[in-house]
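Heads up, the thing below is written out as structure tokens.
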Amino acid sequence: MGYLVGITVLWAFSFSLIGVYLAGQVDSYFAVMTRIALAALVFLPFLRPALLRGRQRLALLGLGAVQLGLMYIFFYQSFLLLSVPEVLLFTILTPLYITLLDDALFRRFTPFHLVTAALAVLGAAVIRYRGLDDGYWLGFLVVQGANLCFALGQVGYRRLSAGLPAALPRLAIFGWFYLGALAVAAPAFLLLGNAAALPTGGVQWGVLAWLGLVASGLGYFLWNLGATRVDAGALAIMNNALVPAGLLVNLLIWNRDADLPRLALGGAIILGSLALNEWWQRRRAPLAA
């Protein structure tokens, strides 16, 4: 859980950096490709190809392509169709996808995880809901594409990791994840990117370097590692913890408008869903033993 909490804080700052310094200024496909390429450079020196069989390498490549490559393409495109509040509102369905996909991949059904995930969705909706503009359905579907890719990548990595030896160093294999994402991001930029909208100053290049080396590189490695060490309910809930965290960062650093009562109420609901999930896990542990 410590990994998930720490990366939530990290990504809360990163989301604000994108909105302030990159969105609408730097080509989104270039930004995605650069972030992923820098993250891959961090992990390639540690990569040990012999540690995974061919099918396992392909699986990790595929997970990176989906969770990071496709997800970012969907996510950045959604800002061309929706306002920022609408994008944030529509991302809150991710916990439901995680609980359903996790049960499907592990061949079980856990209704309680759906309850706690739904509470997390409710908490995020309390914070972000502002009403919807006309003609938002295409944007809604694009965001759901991003949500499904992110959820599938997390749950897929949990499933893959469960079949690997516990002693296998994850740092020595995670480079495949970024190579898979780069295999999607690089062609996307070459085919769809705008070479005239590249970074123009040191601040934008610095933000991209931070996002690539730290937010994407360190961030996705530790997030996926944390995803293997908690139950699906806690993972689902933490996917919505970024909503109050991101708003707090905007409020404290950039002085963006925020509805503090709604922020407090929604954050309390999300924290309550996490506490409820932890209580249930402790309660069922003696029964499982």
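Ring planes of Y157 and F174: perpendicular class, angle over 60° (limits at 30 and 60°). Ring geometry for F43 against F46 counts as perpendicular: the plane angle is over 60°, on a 0 to 90° scale with 30° as the lower cut.
Side chain of R55 to main chain of R53: no donor-acceptor pair is present (N/O by atom type, distance under 3.5 Å, no hydrogens or angles). No donor-acceptor distance shorter than 3.5 angstrom exists from the side chain of Y3 to the backbone of L225, with no hydrogens or angles considered.
Checking W223 against Q154 by side-chain atom types alone, a donor-acceptor pair falls below 3.5 Å. Using modelled atom types, one finds a donor on one side chain and an acceptor on the other under 3.5 Å when comparing Q144 with Y97. When only modelled atom types and interatomic distance are considered, S216 and R35 share a side-chain donor-acceptor pair under 3.5 Å.
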- Apply side-chain contact (heavy atoms from CB on, under 4.5 Å) to the pair L17 and L22, showing each step before the final yes or no. CA-CA 7 Å; L17 290 173; L22 299 180; over 6 Å; no
- Begin with the C-alpha distance, continue with both residues' side-chain angles, and end with the deciding distance and a verdict on side-chain contact (heavy atoms from CB on, under 4.5 Å) for N147 and V143. CA-CA 6 Å; N147 293 344; V143 176; 3.9 Å; yes
- Could you go step by step and tell me if L63 and N224 meet the side-chain contact (heavy atoms from CB on, under 4.5 Å) rule? CA-CA 11 Å; L63 290 173; N224 282 287; over 6 Å; no
- Message: Please determine whether side-chain contact (heavy atoms from CB on, under 4.5 Å) holds for the pair F30 and L208, giving the CA-CA distance in whole Å, both sets of side-chain angles, and the decisive distance to 0.1 Å.
- Response: CA-CA 10 Å; F30 179 81; L208 278 176; 4.1 Å; yes
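V115 and M238 fall into different hydrophobic clusters, defined by Ile, Leu, Val, Met, Phe, Trp and Tyr side-chain heavy atoms under 4.5 Å apart, directly or through other members.
To the nearest 0.5 Å, atoms CG (L101) and CG (L148) are separated by 7.0 Å. Put simply, CZ on R57 and CG on L51 are 10.0 Å apart, with the number rounded to the nearest 0.5 Å. Considering OG1 of T34 and CZ of F189, their distance stands at 7.5 Å, rounded to 0.5 Å. Taken to the nearest 0.5 Å, the CD1 atom of I7 stands 4.5 Å off from the CG atom of L222.
Taking the side chain as every heavy atom from C-beta outward, L182 and M33 approach each other to under 4.5 Å. Residues D102 and T99 fail the side-chain proximity criterion, which asks for heavy atoms closer than 4.5 Å. Using a 4.5 Å heavy-atom cutoff, the side chains of D231 and L235 are not in contact. A heavy-atom distance below 4.5 Å is found between the side chains of P49 and W176. Using a 4.5 Å cut-off on side-chain heavy atoms (C-beta onward), L52 and L164 make contact. The shortest side-chain heavy-atom distance between L152 and Q67 does not fall under the 4.5 Å cut-off. Side chains of L213 and L218 form no contact here, defined as non-hydrogen atoms less than 4.5 Å apart. The side-chain heavy atoms of V207 and V26, taken from C-beta on, include no pair separated by under 4.5 Å.
Counting all heavy atoms, side chain and backbone alike, L60 lies closest to L160 at CD1-CD2, 4.0 Å. Considering every non-hydrogen atom in both F74 and V142, the closest pair reads O-CG1, 3.2 Å. Closest approach of N194 and L198 over heavy atoms only: O-CD2, 4.3 Å. A181 and G64 make their closest contact through CB-O, 3.3 Å (heavy atoms, listed as atom of the first residue, atom of the second, distance). R170 and S161 get closest at one heavy-atom pair: NH2-OG, 3.0 Å. Closest approach of I73 and A188 over heavy atoms only: CD1-CB, 3.6 Å.
At most 12 non-hydrogen atoms from other residues, nucleotides or ligands lie less than 6.0 angstrom from CZ of R159.
You'll find the ring centres of W11 and Y220 inside the 6.0 Å limit.
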